[in-house]
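Report on the following structure.
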Amino acid sequence: LFPYTTLFRSMENGAEITVSYPLDRIFNNDLPRGKFQRIHRSYAINVFKVTGFAGNYVHIGKKMLPVSESHKKNFLACFHKIYSKRALGK
């Protein structure tokens, strides 16, 4: 039995692709750094698609995804870095 990962191309319409690779391999080798952030052992997200954040959940459109304690610090640092630049117009 091979590990697999489901990639959502669009959270709005649910378009998805399932690949036969574990999330660790895809996250570490195939996703552009700075654009994608690991938020949970089961989730990596495009930080530019985040529409909200509250407590231990990230909102992307109408979807709410959990942020684990082990990934929260790195996610928040990345999130604040990107959105503080946007607020400054950079």
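Numbers here are sequence positions counted from 1. Source: prediction; values computed, not measured.
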With side chains defined as the heavy atoms from C-beta onward, is the minimum distance between Phe75 and Val58 less than 4.5 Å?
-> yes
Group every Ile, Leu, Val, Met, Phe, Trp and Tyr by side-chain heavy-atom contacts under 4.5 Å, then state whether Ile39 and Val50 land in the same group.
-> yes
Starting at CD1 of Ile45, measure out to CD1 of Ile60 and round the result to the nearest 0.5 Å.
-> 4.5 Å
Arg25 (side chain) donor-acceptor with Asn28 (main chain) under 3.5 angstrom = no
What closest approach, in Å, do Gln37 and Asn74 show between heavy atoms, and which atom pair accounts for it?
-> NE2-CB, 3.7 Å
Heavy-atom pair of closest approach, residues Val47 and Cys78 = CG1-SG, 4.1 Å
Decide if atom CZ of Phe53 counts as having more than 12 heavy atoms of other residues, nucleotides or ligands within a radius under 6.0 Å.
-> yes
Main-chain N/O of Ser42 paired to His40 side chain as donor or acceptor, under 3.5 Å | yes
Min side-chain heavy-atom separation Phe48-Ile82 under 4.5 Å | yes
Does the side chain of Glu69 come under 3.5 Å of the side chain of Asn56 through a donor N or O and an acceptor N or O?
-> yes
Atom pair CG/CZ of Asn46 and Phe36 - distance to nearest 0.5 Å | 4.5 Å
Salt-bridge contact Asp24-Arg38 (side-chain N to carboxylate O under 4.0 Å) | yes
Should we say atom NZ of Lys35 is surrounded by more than 12 heavy atoms from elsewhere, each under 6.0 Å from it?
-> no
